[in-house]
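By convention here, the first residue in the shown sequence is residue 1. Predicted model, so just to flag it, every value in this text is computed and none were measured.
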Amino acid sequence: MLKIAAFAVRGFLLLFGAVVLGVSITVAKHQTIGSPPSETSFGSFCGAFGILVSLIGFGALFVDKIPSIVMMAADALASAFYIAAAIALTVALKSVPSCTDKDDFDKYQRFNNKLLNGGCQYVKDQPICPNAYDDDQLSSLCQRVQADYVFQYLGFIFGVAIIGMTFFLHRSGGGRTTAYV
């Protein structure tokens, strides 16, 4: 029963990794001036790393050659990356009080946020941000960034859950019992 639950959690982790990778790349593609912010690049890395660990984890459920401690360490590393990326995006988007409000203050905050404006050039101390003048586009991008960090938090929570499941699966004898000689 625990192995079936571990299989389901691994499936969710694979899904979360794919969503984080896809949304982070979509947000990074919005950047037109300069390179994408490090928060979105790190989010892309976390999604790809989460997919890789999930695929190895699926293999570990069926192959006895991968020790449980190795999988728990890989899951712990992926979980640490997920929480770090989620906190980084949350902090970077903190200055934006709302993604959908139409008042001038919220529009100004979305315009000035480095994750949302697509990069700016300063001409005579005035920011020129080619992608930041369409407020509907900024609102949509802001909601994507919020979705990105929500899935990163979910990846962290499910990562901690799979570490516990792997530990209990190994302790109950449902995991690796092979001695390497």
Between [X] and [Y], is there shared hydrophobic-cluster membership here, with clusters defined by ILVMFWY side-chain heavy atoms closer than 4.5 Å?
X: Ile33; Y: Leu138; result: no
X: Phe62; Y: Ile51; result: yes
X: Val70; Y: Leu169; result: yes

For this session: Using modelled atom types only, decide if a donor and an acceptor are shared between the side chain of Thr40 and the backbone of Pro36 within a distance under 3.5 Å.
Result: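 Such a contact is absent between Thr40 side chain and Pro36 backbone.
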
What is the distance from atom [atom1] of [X] to atom [atom2] of [Y], rounded to the nearest 0.5 Å?
X: Leu13; Y: Ser79; atom1: CG; atom2: OG; value: 7.0 Å
X: Ile66; Y: Leu61; atom1: CD1; atom2: CG; value: 9.0 Å
X: Gln31; Y: Ser41; atom1: CD; atom2: OG; value: 9.0 Å
X: Gln146; Y: Leu89; atom1: CD; atom2: CG; value: 10.5 Å
X: Phe7; Y: Met165; atom1: CZ; atom2: CE; value: 13.0 Å

For this session: Would you confirm whether the ring centroid of Tyr82 sits within less than 6.0 angstrom of the ring centroid of Phe16?
Result: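 They do not qualify: ring centres at least 6.0 Å apart.
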
[X] versus [Y], closest heavy-atom pair with distance:
X: Gln152; Y: Ser24; result: NE2-OG, 4.3 Å
X: Gly43; Y: Val20; result: O-CG1, 3.3 Å
X: Leu141; Y: Leu115; result: CD2-O, 3.7 Å
X: Ala80; Y: Ile83; result: O-CG2, 3.3 Å
X: Ser44; Y: Leu21; result: O-CD1, 3.3 Å
X: Gln143; Y: Thr100; result: NE2-CG2, 2.9 Å

For this session: Tell me, with the steps shown, if Arg144 and His30 meet side-chain contact (heavy atoms from CB on, under 4.5 Å).
Result: CA-CA 11 Å; Arg144 286 186 192 136; His30 177 73; over 6 Å; no

For this session: Would you sort out whether Phe49 and Leu77 count as a side-chain contact (heavy atoms from CB on, under 4.5 Å), showing the intermediate values?
Result: CA-CA 9 Å; Phe49 189 77; Leu77 189 59; 3.7 Å; yes

For this session: Hey, can you tell me if Phe45 and Phe42 have their rings parallel, tilted or perpendicular (30° and 60° cut-offs)?
Result: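 Rings of Phe45 and Phe42: parallel, under 30°.
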
Exercise. Among all residues two or more places apart in sequence or in another chain, which pass the salt bridge (Lys or Arg N to Asp or Glu O under 4.0 Å) test with Asp136?
Worked result: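 For Asp136 the salt bridge (Lys or Arg N to Asp or Glu O under 4.0 Å) partners, ignoring immediate neighbours, are Lys102.
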
For this session: Report, as yes or no, whether the 6.0 Å neighbourhood of atom CG on Asp103 holds more than 12 heavy atoms from other residues, nucleotides or ligands.
Result: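 Result for CG/Asp103: enclosed.
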
Problem set entry | Neighbour count above 12 (heavy atom, 6.0 Å) for Phe12 CZ |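 Counting other residues, nucleotides and ligands, CZ of Phe12 stays at 12 neighbours or fewer.
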
Any heavy-atom pair between the side chains of [Y] and [X] that's under 4.5 Å?
X: Tyr153; Y: Ile87; value: yes
X: Val91; Y: Glu39; value: no
X: Phe167; Y: Ser68; value: no

Exercise. Which salt bridge (charged side-chain N to carboxylate O under 4.0 Å, His left out) pairs, counting each pair once, include a residue from residues 8-28, with sequence neighbours left out?
Worked result: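 Passing the test, one end in residues 8-28: Arg10-Asp75.
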
Problem set entry | Test side-chain contact (heavy atoms from CB on, under 4.5 Å) applied to Phe151 and Leu15, step by step | CA-CA 9 Å; Phe151 277 100; Leu15 176 70; 5.8 Å; no

